[in-house]
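The structure under discussion appears below in the form of structure tokens.
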Amino acid sequence: MARLTFAAGLALLQATSGNAFIAGPVSAPRATVAPVTSASEAEALLEAKSPRLIASNATGAGALGLGLVAGAAVALAGATRRSSAGQGRRSTASAEVVARKANPTATFETTMGSFKAEIYLDRVPITASNFIDLCTTGFYNGVHFHRVIPGFMDQFGCPNARDPNARNAGQGGPPDGEFKNLVTGATERRSNGGNIKDENISRDTNAPGTLSMANTGQPNSGGSQFFLNVNNNSNLDWFAPGPSKHPVFGKIIEGMDIAVAISKVPTRNDNPKTPIMMKSITIS
Ligand SMILES: *[C@@H]1O[C@H](CO)[C@@H](O)[C@H](O)[C@H]1NC(C)=O
Ligand SMILES: *[C@@H]1O[C@H](CO)[C@@H](O)[C@H](O)[C@H]1NC(C)=O
Ligand SMILES: *[C@@H]1O[C@H](CO)[C@@H](O)[C@H](O)[C@H]1NC(C)=O
């Protein structure tokens, strides 16, 4: 923390202790918190099962400000999209239809509103098929967002977070089992605690609005947890320098304002004070 500016340090203190409290193993939370590396490096590692948090001053006041700007820009983009759709700009509209037909759409119904995302089945078939299987089997229904940080992201998908106050929220994953690869038809596996194979084949960056896999920081440790980026978190790309490796598997195409609103709710140790529940995720 010594390297951080005051404002950044304050925000980080909150973020770091929050992560340890919410998601860290109860027995030794501090031991799992990795040291700050370099100021320009990773903001934070989005960890599913043995959380660490790597932070730089980018997570501080500047990032919070960016979050507000991003929120406004997204609202504006939403309004523009709606009005251009209303005016029937044909070429753009038909291009969008083609893009959406190529990949499935997930519709998220939360207690704060709904949003839709394109799921990148064409780019990361195993990761996308895993997500779609968890959606269609109802795995995510009744789960709460367990870690939200304004100007950064909303983390979701831990089965322990069916209880919104669970101390072990952030440490769970799906059961071991099989699911179908929707592109090849092959049978894929979740194993060693519900983990899927890393699929670092697509170079989609952790841009605002993208969905990205949480993991433990170890290879092949993604399961059911993922996060919604509400900022440019390109330092989390698996192909960026630094320790954070989070593959993107989708992008919000409607209702980004809801994802941003979720990131800004009042929290206690990054956990929303008023629980935000996923009612359903449907795939079409
Ligand atoms: C904070 O980050 C900026 C640019 O990212 C850098 O120039 C500055 O030295 C950093 N400050 C500290 C205290 O690390
Ligand atoms: C993914 O990255 C890991 C670690 O960087 C590497 O070991 C693995 O071979 C990569 N997998 C693919 C499919 O590129
Ligand atoms: C995110 O920030 C990086 C580093 O400043 C920049 O290179 C990249 O173009 C940005 N990506 C987006 C989607 O804005």
Side-chain angles (χ1 to χ4, degrees), residues 3-5 7-8 11-12 15 36-47 53-81 84 92 95-96 99-100 102-103 105-106 108 115-124 127-128 131 147-156 199-215 217 226-264:
R3 287 207 243 161
L4 304 170
T5 60
L12 278 173
V36 171
T37 51
S38 83
S40 61
E41 236 183 60
E43 275 182 347
L45 257 172
L46 293 144
E47 306 277 339
L53 199 82
I54 293 180
S56 78
N57 75 6
T59 320
L64 291 178
L66 270 177
L68 294 176
V69 173
V74 161
L76 193 65
T80 310
R81 206 184 313 121
S84 64
T92 311
E96 273 171 16
R100 282 183 208 174
N103 273 326
T105 296
F108 299 75
F115 57 93
K116 292 185 188 217
E118 176 188 350
I119 303 304
Y120 293 163
L121 189 58
D122 60 339
R123 323 250 248 281
V124 280
T127 312
F131 170 76
R147 183 171 171 241
V148 308
I149 301 176
F152 186 27
M153 58 89 229
D154 308 329
Q155 192 168 344
F156 175 79
E199 207 178 12
N200 33 357
I201 51 177
S202 132
R203 294 181 73 90
D204 289 298
T205 185
N206 281 267
T210 52
L211 283 63
S212 189
M213 291 298 285
N215 55 43
F226 63 95
F227 55 96
L228 311 172
N229 286 300
V230 297
N231 206 340
N232 176 353
N233 295 319
S234 60
N235 57 301
L236 304 180
D237 297 342
W238 66 263
F239 48 90
S244 295
K245 303 288 174 202
H246 300 278
V248 164
F249 66 94
K251 180 158 194 195
I252 295 175
I253 52 174
E254 207 178 295
M256 179 64 186
D257 52 330
I258 301 294
V260 172
I262 289 172
S263 73
K264 292 179 181 171

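Just follow the structure's listing: the first ligand is 1, and inside any ligand the first atom is 1.
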- Check whether any protein heavy atom sits under 4.0 Å from atom 7 (O) of ligand 3. no
- Message: Any protein heavy-atom neighbour for atom 11 (N) of ligand 3 (distance below 4.0 angstrom)?
- Response: yes
- Task: Would you check if Val230 and Val148 make a side-chain contact, meaning some heavy-atom pair closer than 4.5 Å?
- Result: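 No, every pair of side-chain atoms sits at 4.5 Å or beyond.
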Output the distance between atom [atom1] ([X]) and atom [atom2] ([Y]), rounded to the nearest 0.5 Å.
X      : Y      : atom1 : atom2 : answer
Phe226 : Phe131 : CZ    : CZ    : 4.5 Å
Met153 : Asn231 : CE    : CG    : 11.5 Å
Asn206 : Asp237 : CG    : CG    : 5.0 Å

- Message: Below 30° counts as parallel, above 60° as perpendicular, anything between as tilted: where do the rings of Phe115 and Phe108 land?
- Response: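 Phe115 and Phe108: parallel rings.
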- Numbered in order shown, the ligand 3 atoms found under 4.0 Å of a heavy atom of Ser234 are 1 (C), 2 (O), 3 (C)
- Does the N or O separation between Asn232 and ligand 3 drop below 3.5 Å for any pair?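 In this structure, Asn232 places an N or O atom under 3.5 Å from an N or O of ligand 3.
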- Nearest protein heavy atom to atom 13 (C) of ligand 3, by residue and atom, and its distance? Ala207 CB, 3.8 Å
